[in-house]
Protein chains: 4
Amino acid sequence: MSDKALPLVISAPEPRTLGLIFTPRQLNVFRRKYRIVETTPEGVSELPTDVLAEARYIVGQPPIAPETLEKLTSLRCVFNVETNLINNMPYETLFARGIHVVTTGLVFAEPVAELGIAMALNLARDVVDADLAFRQGEELWGGDGNQTARLLSGADVGIIGFGDLGRALNRLLTGFRTRTRVFDPWLPPSVLVEHGVEPASLDKVLSESDFLFVVASVTSENQGFLGADAFAKMRKGAAFVLLSRAGVVDFPALMEAVRTGHIVAASDVFPEEPLAKDHPVRSLPGFLRSAHRAGALDVAFKRMGDMVLEDMDLIDRGLPPMRSKRAERETVSRMRSKPVDRN
Amino acid sequence: MSDKALPLVISAPEPRTLGLIFTPRQLNVFRRKYRIVETTPEGVSELPTDVLAEARYIVGQPPIAPETLEKLTSLRCVFNVETNLINNMPYETLFARGIHVVTTGLVFAEPVAELGIAMALNLARDVVDADLAFRQGEELWGGDGNQTARLLSGADVGIIGFGDLGRALNRLLTGFRTRTRVFDPWLPPSVLVEHGVEPASLDKVLSESDFLFVVASVTSENQGFLGADAFAKMRKGAAFVLLSRAGVVDFPALMEAVRTGHIVAASDVFPEEPLAKDHPVRSLPGFLRSAHRAGALDVAFKRMGDMVLEDMDLIDRGLPPMRSKRAERETVSRMRSKPVDRN
Amino acid sequence: MSDKALPLVISAPEPRTLGLIFTPRQLNVFRRKYRIVETTPEGVSELPTDVLAEARYIVGQPPIAPETLEKLTSLRCVFNVETNLINNMPYETLFARGIHVVTTGLVFAEPVAELGIAMALNLARDVVDADLAFRQGEELWGGDGNQTARLLSGADVGIIGFGDLGRALNRLLTGFRTRTRVFDPWLPPSVLVEHGVEPASLDKVLSESDFLFVVASVTSENQGFLGADAFAKMRKGAAFVLLSRAGVVDFPALMEAVRTGHIVAASDVFPEEPLAKDHPVRSLPGFLRSAHRAGALDVAFKRMGDMVLEDMDLIDRGLPPMRSKRAERETVSRMRSKPVDRN
Amino acid sequence: MSDKALPLVISAPEPRTLGLIFTPRQLNVFRRKYRIVETTPEGVSELPTDVLAEARYIVGQPPIAPETLEKLTSLRCVFNVETNLINNMPYETLFARGIHVVTTGLVFAEPVAELGIAMALNLARDVVDADLAFRQGEELWGGDGNQTARLLSGADVGIIGFGDLGRALNRLLTGFRTRTRVFDPWLPPSVLVEHGVEPASLDKVLSESDFLFVVASVTSENQGFLGADAFAKMRKGAAFVLLSRAGVVDFPALMEAVRTGHIVAASDVFPEEPLAKDHPVRSLPGFLRSAHRAGALDVAFKRMGDMVLEDMDLIDRGLPPMRSKRAERETVSRMRSKPVDRN
């Protein structure tokens, strides 16, 4: 097959790179199966018309003006490998033309869920402070060191948001045999029941959980929806684990609920990232901190390439993509989770 | 029913207490169903002959001399609620007479397994040091902080010992979909296969695991069986999690394997407990410490009472105990796990 | 709320009826939340222009001409409750306008899968003929009656097609701990792996299965794709269970493979339905017959109504449907499974 | 190693044979590791004193008189491969001496449970009569043939008896997501809960099940305990599946409950086996018959040999058997399930 016959891909994956999202072996496959035109996001609109006309796929989330889209006559799918959708292309036109817009965020679900379980167990057993005390020769032995210890097994668990990440969490919880309630207004109750969790109102999830995981994306509707009122409803001593975006909580209110000892908390995300050196959360007892490290594992990035290759293969055969997550016409423009600018 | 007709129980649960192992409600049931004679372990042999003759159960692990056992003519079961069997009663005679000796250690399996998972995830994601760095304003954001991060999901896991604790661990691992190999010379391969794990040699478990959990009891045969050779066989960077007794490892060799960076490790148990203030493990990087806190949760102790009540009920009805673990004639005298002297 | 304000639904569910797909309680909810205009499939195009203009939903699969579609200016979703898509509406225009076309066939997955398991176990244990022999006093006792008996547990299972039905089958197989291979060219391997099955080629699934379940829909590409060659590749004595449509197999070749004793088979579907009274499959030994009864359970139909209500509720709130299955632009016009004309 | 040094096994497995319970490969291993003295059950007491004195194992359930047992000075385990314990040896002396008596009945659990599921699904979907009607050209198509059809998925299931067989059933039910209640007076509630089933009274299991599986062994206490009263308590139309022994039910009362249409039933066991040619159950509509074929699969027998080899290996190493089921001192003499006299 002459190279000319290979489908053309515009690659503008910033802040990702092809080397980040593909293993060397996958990258070989990618280069063998496709003609790759590499550029920056801003460079896409500058590409020659014949390149735009031939492009079957775009890897990345470059700004696409309507007039550029008109030239992309062969386009079938945009693979957003940053994964947070921003409003920088005419989604309606894309959808009307039957062009898929997909994200590869599924790859982060498992790593983030694992850190979520780690955080929950750390809060339940006070692992960090127990190790610190041990380093300083001040550890408490046996039951003496377990005054606030409790089990995740059999506990009441709440999950807010039941997308890929909520489902990954639910899967990791399998062996813990928790009673798990989920609040997700974008899903019908039966879908939750099918996953073995109980559909519940936000109030119920807040007030009847021993461990509460927040994994909801930020949308135009839910910014800061977890505030002082919400924390007040939580069980005394319950553990609050924030894994999605700081934007869904009133962060000062969360800190206050921890400071007063009403709840304990862990978070991977913060109102500003990086965070001011003197931010009070740094020294807040009862709060476990992680610097947006939950998903950014090399193994996760490498799965993106596999995902892209599998879905391109389907589309090449006239089929719809089945592994990446498709942006939905109804919700794409409500998304407000800030993209990352580093990996 | 006159109180006289109630079955008699000798209670000598030290270091446990009835208040520790029973909830108030269960303790009421216990007192309503049985006549309880409370004494110290040493006091048992001093009890009046008619008390000994009537006793159906002993709760505790008191020393029992052959001549005392002769007087215990109605004895049907000894409930060892400390849970580590020591050689202080004529087991052969007990078994010959059909008297059960049972331990309630199952209650610790779940709490210990949970801490084991917490430790594994902490080692995988460096949770403690990341939080410490954050406190000090030196945290690394995103992928920069994940240089050594990896997943438990899908990993090669090894478990040494597949009693209650190994099984609890295996259950908690369900959702992580690990490939789990087990070394347990006391079990036939088919029993392991039935639990969904792969039977494997010690060598294989050592050399092909990303995470290795040691949950084997100390016996007359396995003291210190994990030494420098064993650690050398482990994968570079693998995580070693010790949950049973320090007696099964050569502790200095373990520390050395961590110090050189060959492996990382976590342990809940130590060669002496409490440990000397200047013990070098206190400051060893790559080592996560817990002061024998894994099992000693109030909720675990309370399950002991439930266990005792359920099995007494069966024995009262002429049935064998089904919930506690029976000491085995063949292995009871090989056990060397030191009992605790505090809860 | 005045009735006028309620969203309008055009109901033309033939051959279903509202009474079939809704429980009385659900039907009440449906009537309370929506204005229902009931008509026949052919009647839809005759409806007054203002009714068409107001209709938010269509329940059924009526023929829709382009000019009718133009009048359906508020349409958001077509709920196909017959469930087999036919090419009687301008799908491209529907998709371009962002109108969902969904089917409720998921409700049949569980009942059909259960009959599939029943058929497999019947073939494995010869349940029907054993009962007949017993009626006639000619039964064979114990092992004598088990000459060809075998287990589903631990067997090699093949599934062709992994849509809702294949997944339901896979779920029911959980406890049987089979080794399950799946051939489905419309899915990427990783999606199969995620469901705990092995992606495999058609050849491999044919040649290495003890039990083979065919649950693929008929498409423009796979009509009669399982013929004499395919059956010849199967293991001697293997069980072939056909649950989707007779159109995917060469039926005479299937019968011949059973007649010669190479395989045994069961089918819920036939080349013509009803079938000629003298069709040779009626008397074919080694063949278990079911008259397209696998899915048509009242409880299944009633779930359709629930499904419709849940998805209408989401769409009413500006969200995409999440429970029904969406027709895919790429594949909708390839579907060839004949609709039923009776329930 | 000289043959003389091999442990000695007395083999009297009637009605089994070594060829039945061992694969050729396993039999080789067996003969290589042990000196086998083959005899009939009656022949055991006739064996030379030195043979008896050397015998470490007995395979079979021969009658053993006290004076013979005295000569069996090296005996460590009796492997009952018929699997129904009868009272033909001095069990108390065996237990007092620490000799294990084990049965290999576990091998039947999976095959019997599979037939049980087959029977339940057959009753739910009327598979046998539907196939017969089809043979005769009288089949009803689609929903018309499903007037009494229902699902096992999500149903209320009752299990009476939760030994190996009940557990195998429960495992096979996993994917059906039933609500399963169990009555077993020999087990504490917590053991049932641990298996994911609800402990329940006999009354509750009878009156709140859509499918009821009876898998309890006959004991001195439960003969005929399921009679007219019990069947009257069952839900109208419920399915009764008898898999253990006819001795636990009042068979005429069971037939009457089916005859009146109150319940449907299936049974693998009968009051006499073989059954009289004119027994009325042969022509009883609503009753599915199987001639004690549930367990007697070759694959099951072959697992016995594997079981024997694994447990002999453990005992040879000074460990207790872990795979076979040990007879219990308390219950061994209560067993009344009749041994089979054919395989």
Side-chain angles (χ1 to χ4, degrees), chain A residues 110-111 113-115 117-119 121-122 124-125 127-128 130-137 139-146 149-154 168 170-177 273-275 277-278 281-283 288-301 340 342-343, chain B residues 20 110-111 113-115 117-119 121-122 124-125 127-128 130-137 139-146 149-154 170-177 273-275 277-278 281-283 288-301 340 342-343:
Chain A
E110 194 167 86
E114 280 205 9
L115 190 69
I117 299 291
M119 285 170 154
L121 292 172
N122 269 288
R125 305 296 281 273
V127 176
V128 175
D131 186 49
L132 288 188
F134 208 119
R135 296 182 191 191
Q136 292 150 13
E139 76 278 7
L140 297 172
W141 289 83
D144 294 344
N146 282 332
R150 56 214 152 108
L151 296 179
L152 177 55
S153 292
N170 187 45
R171 181 165 58 70
L172 295 188
L173 286 169
T174 309
F176 292 86
R177 302 193 287 206
E273 299 179 4
L275 199 66
K277 293 290 184 199
D278 61 350
V281 80
R282 294 186 182 275
S283 56
L288 177 65
R289 293 143 289 246
S290 168
H292 211 140
R293 302 163 64 229
L297 271 69
D298 189 60
V299 66
F301 290 121
V340 298
R342 58 195 303 150
N343 294 311
Chain B
L20 179 73
E110 194 167 86
E114 281 205 8
L115 189 69
I117 299 291
M119 285 171 155
L121 293 172
N122 269 288
R125 305 297 280 274
V127 177
V128 175
D131 186 48
L132 291 187
F134 209 119
R135 295 183 191 190
Q136 291 149 13
E139 75 280 6
L140 297 172
W141 289 82
D144 294 344
N146 282 332
R150 56 213 152 110
L151 296 179
L152 177 54
S153 292
N170 187 46
R171 181 164 60 70
L172 295 189
L173 287 169
T174 309
F176 292 87
R177 302 194 287 206
E273 299 180 4
L275 198 67
K277 293 290 184 198
D278 60 352
V281 80
R282 293 185 184 276
S283 56
L288 177 64
R289 294 143 289 245
S290 169
H292 211 142
R293 303 163 64 229
L297 271 69
D298 190 59
V299 67
F301 290 121
V340 298
R342 57 195 306 153
N343 294 310

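Throughout, a chain's letter reflects where its sequence line sits, starting with A, and its residues are numbered from 1.
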### Query
Is the backbone of B:Gly175 close enough, under 3.5 Å, to the side chain of A:Arg171 for a donor and an acceptor to pair up by distance?
yes
Applying side chain to side chain donor-acceptor pair (under 3.5 Å) to B:Glu114 and not counting sequence neighbours gives A:Ser153
Between A:Ile117 and B:Phe176, the two heavy atoms sitting closest are CG2-CZ, 4.4 Å
Per-residue tally against chain A (heavy atom, under 4.5 Å) across B:Val127, B:Asp278, B:Val299 peaks at B:Val127
Bottom line for A:Leu140: the part with an atom under 4.5 Å from chain B's heavy atoms is backbone
Would you check if the side chain of A:Arg293 reaches a backbone N or O of B:Arg125 as a donor-acceptor pair within less than 3.5 Å?
yes
Test your reading of the model: is there a side-chain donor-acceptor pair from A:Arg282 to the backbone of B:Phe134, 3.5 Å cut-off?
yes
Ranked by heavy-atom pairs below 4.5 Å to chain A, first place among B:Ser290, B:Gly154, B:Ala124 goes to B:Ser290
When rounded to the nearest 0.5 Å, the distance separating CG of A:Asn122 from CG of B:Leu121 is 8.5 Å
Comparing A:Gly143, A:Ala113, A:Ala118, A:Gly142 against chain B, the one with the most heavy-atom pairs below 4.5 Å turns out to be A:Gly142
Checked A:Ala133, A:Gly295, A:Pro274 vs chain B; the most non-hydrogen pairs under 4.5 Å come from A:Pro274
Note to self: Could you go through B:Leu152 and A:Leu172, starting from their C-alpha distance and side-chain angles, then the distance that decides it, and tell me whether this counts as side chain to side chain contact (heavy atoms under 4.5 Å, CB included)?
What the structure shows: CA-CA 10 Å; B:Leu152 177 54; A:Leu172 295 188; over 6 Å; no
Sorted by chain and number, sequence neighbours left out, side chain to side chain donor-acceptor pair (under 3.5 Å) with A:Asn343 holds for A:Arg16
Comparing B:Val128, B:Thr174, B:Leu115, B:Asp131 against chain A, the one with the most heavy-atom pairs below 4.5 Å turns out to be B:Asp131
Interatomic distance, CG@A:Leu151 vs CG@B:Leu297, rounded to 0.5 Å, equals 5.5 Å
